[in-house]
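What you are looking at is a predicted structure, and each value in this text was computed from that prediction instead of being measured. Numbers for residues simply follow the sequence, beginning at 1. Atoms considered below: every heavy atom in the structure, side chains included; atoms not considered: hydrogens, waters and symmetry mates.
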Amino acid sequence: VGQPGIYEVPWGISVAEVLAMADARDPSFIQVGGPSGICISADEKERKISFEDLPTGGSLMVFNKGRDKFDILLNFMNFFVNESCGNCTPCRAGNVILRNLLVKFKVGDARNEDLVKLTQWSHLFAKTSRCGLWATSPNVLLTSLKAFPELYRSAIDFTQNQNFYHFDVAKATADYDQVIQEIKSESIK
């Protein structure tokens with residue numbers, strides 16, 4: 001944004017109006033309410049800051065189209081992994097599970113079942129947490145799935161058109177087999 005800062009705005013203002021005030025340039029990914037808030041796309045900029053639509057404690061982060069959305073999401077998930085107090089398993093282990101699933105999308109190693117797992121784990125952990133940190137940490141993933149379904153879909157489509165899971169045992173053990181043959185031939189002499 002050309003004019004970052006602290007703004008006091010009335011409830012009911014549209015995201016578009018806030019973006020105009022802040023001189024947002026080429027917005028794409030908008031995070032309302034901090035890392036545990038709601039992710040929207042710039043196509044949703046007519047939504048309102050309000051209890052009925054986009055409730056927020058005041059934070060609005062704007063990322064342009066040049067930013068890698070998976071990097072943004074991983075940054076948020078790393079925050080939750082690092083901030084967990086470790087007292088309850090859903091937060092301690094769950095944030096790591098979600099982050100690791102997200103990494104699979106980032107590196108092009110995700111499958112359809114990973115999308116299902118991401119959603120199911122997010123809902124399960126949010127309902128079983130002992131505190132607000134974990135109860136809201138999956139928000140960024142769940143809302144980004146709604147805001148950018150093509151992001152996740154293209155990561156899956158890419159991997160399913162590739163042969164990432166082809167494993168050539170002979171190639172992987174060629175050095176080992178060669179060493180074994182050399183040992184056997186030495187022992188015969």
Side-chain angles (χ1 to χ4, degrees), residues 15 18-19 24 27-160 162 164:
V15 171
V18 176
L19 294 176
S28 174
F29 183 114
I30 302 162
Q31 187 67 17
V32 181
S36 58
I38 298 169
C39 168
I40 65 171
S41 77
D43 295 338
E44 300 175 84
K45 64 185 174 203
E46 294 308 319
R47 292 183 67 181
K48 307 285 186 196
I49 305 292
S50 66
F51 288 118
E52 298 78 23
D53 191 8
L54 294 172
T56 179
S59 172
L60 190 75
M61 292 180 249
V62 182
F63 303 94
N64 69 16
K65 293 177 183 170
R67 295 288 299 271
D68 183 307
K69 291 176 182 70
F70 284 129
D71 283 345
I72 298 165
L73 294 167
L74 282 168
N75 183 48
F76 290 155
M77 288 313 301
N78 282 327
F79 167 79
F80 290 114
V81 168
N82 293 328
E83 290 300 312
S84 173
C85 72
N87 280 336
C88 70
T89 302
C91 187
R92 182 181 60 248
N95 282 313
V96 174
I97 289 169
L98 291 179
R99 182 194 57 200
N100 292 345
L101 283 168
L102 194 55
V103 166
K104 290 178 79 173
F105 284 93
K106 166 71 178 160
V107 301
D109 206 15
R111 309 299 263 168
N112 280 324
E113 56 268 19
D114 294 318
L115 189 57
V116 172
K117 286 178 191 176
L118 191 69
T119 305
Q120 289 176 336
W121 282 117
S122 291
H123 288 295
L124 173 69
F125 293 144
K127 291 178 182 173
T128 58
S129 173
R130 293 175 63 186
C131 76
L133 177 74
W134 176 244
T136 58
S137 68
N139 286 355
V140 70
L141 298 178
L142 293 171
T143 58
S144 69
L145 282 165
K146 290 179 185 173
F148 302 103
E150 73 286 348
L151 175 69
Y152 291 91
R153 181 58 46 209
S154 65
I156 292 170
D157 290 344
F158 174 76
T159 62
Q160 291 184 348
Q162 303 298 315
F164 282 106

(Q) What verdict does the side chain to side chain contact (heavy atoms under 4.5 Å, CB included) test give for Leu145 and Leu115, after you've listed the backbone C-alpha separation in whole Å, the side-chain angles of each residue and the deciding distance to 0.1 Å? (A) CA-CA 9 Å; Leu145 282 165; Leu115 189 57; 3.3 Å; yes
(Q) Once rounded to the nearest 0.5 Å, what's the spacing between atom CZ of Phe51 and atom OG1 of Thr56? (A) 10.0 Å
Q: Check whether any side-chain heavy atom of Asn139 sits under 4.5 Å from a side-chain heavy atom of Ile38, and report yes or no.
A: no
Q. Do the non-hydrogen side-chain atoms of Phe105 and Leu151 ever get within less than 4.5 Å of each other?
A. no
Q. Pick one: which of Ser28, Ser144, Ser41 meets side chain to side chain donor-acceptor pair (under 3.5 Å) with Lys69?
A. Ser28
Q) For Cys39, does its backbone N or O pair with a side-chain atom of Thr143 as donor and acceptor, under 3.5 Å? A) yes
Q. Are the side chain of Ser84 and the backbone of Phe80 linked by a donor-acceptor contact shorter than 3.5 Å?
A. no
Q.
Quick one, Val15 and Glu44 - any side-chain contact, counting heavy atoms below 4.5 Å?
A. no
**Q.** Side-chain donor or acceptor of Asn78 paired with backbone N/O of Leu74 under 3.5 Å
**A.** yes
Q.
Taking the side chain as everything from C-beta on, heavy atoms only, tell me whether Pro35 gets closer than 4.5 Å to Met61.
A. yes
Q: Quick one: sort the Phe76 and Phe63 rings into parallel, tilted or perpendicular, breaks at 30° and 60°.
A: perpendicular
Q) Could you state the interatomic distance from CG (Leu118) to CD (Glu113), rounded to the nearest 0.5 Å? A) 12.5 Å
Q | Distance in Å, Leu102 CG paired with Asp71 CG, rounded so as to fall on 0.5 Å steps | A | 9.5 Å
Q) In Å and rounded to the nearest 0.5 Å, what is the CG to CG distance from Leu141 to Leu101? A) 9.0 Å
Q) Would you say the side chain of Lys106 lies within less than 4.5 Å of the side chain of Asp68, judging by non-hydrogen atoms? A) yes
Q. If you look only at pairs with a residue in residues 51-60, which of them pass as a salt bridge (Lys or Arg N to Asp or Glu O under 4.0 Å), with sequence neighbours excluded?
A. Arg47-Asp53
Q. Considering residues, nucleotides and ligands other than Lys48, do more than 12 of their heavy atoms fall under 6.0 Å from its NZ?
A. yes
Q: Please report the shortest heavy-atom distance between Arg92 and Thr89, naming the atom on each side.
A: NH2-OG1, 2.9 Å
Q: Calculate, to the nearest 0.5 Å, the distance between atoms OG1 and CZ belonging to Thr128 and Phe125 respectively.
A: 6.5 Å
Q) Would you say the side chain of Gln120 lies within less than 4.5 Å of the side chain of Val116, judging by non-hydrogen atoms? A) yes
Q) Which atoms form the tightest heavy-atom contact between Leu19 and Lys45, and what is the distance? A) CD1-CB, 4.2 Å
Q. Atom CD1 in Ile40, atom CZ in Phe29: separation rounded to 0.5 Å?
A. 10.0 Å
Q: Answer yes or no: is there a donor N or O on one side and an acceptor on the other, between the side chain of Asn100 and the main chain of Ile97, under 3.5 Å?
A: no
(Q) Are the side chains of Asn95 and Arg99 in contact, using a 4.5 Å heavy-atom criterion? (A) no
Q: Would you indicate whether the side-chain heavy atoms of Arg153 and Asn112 approach each other to under 4.5 Å?
A: yes
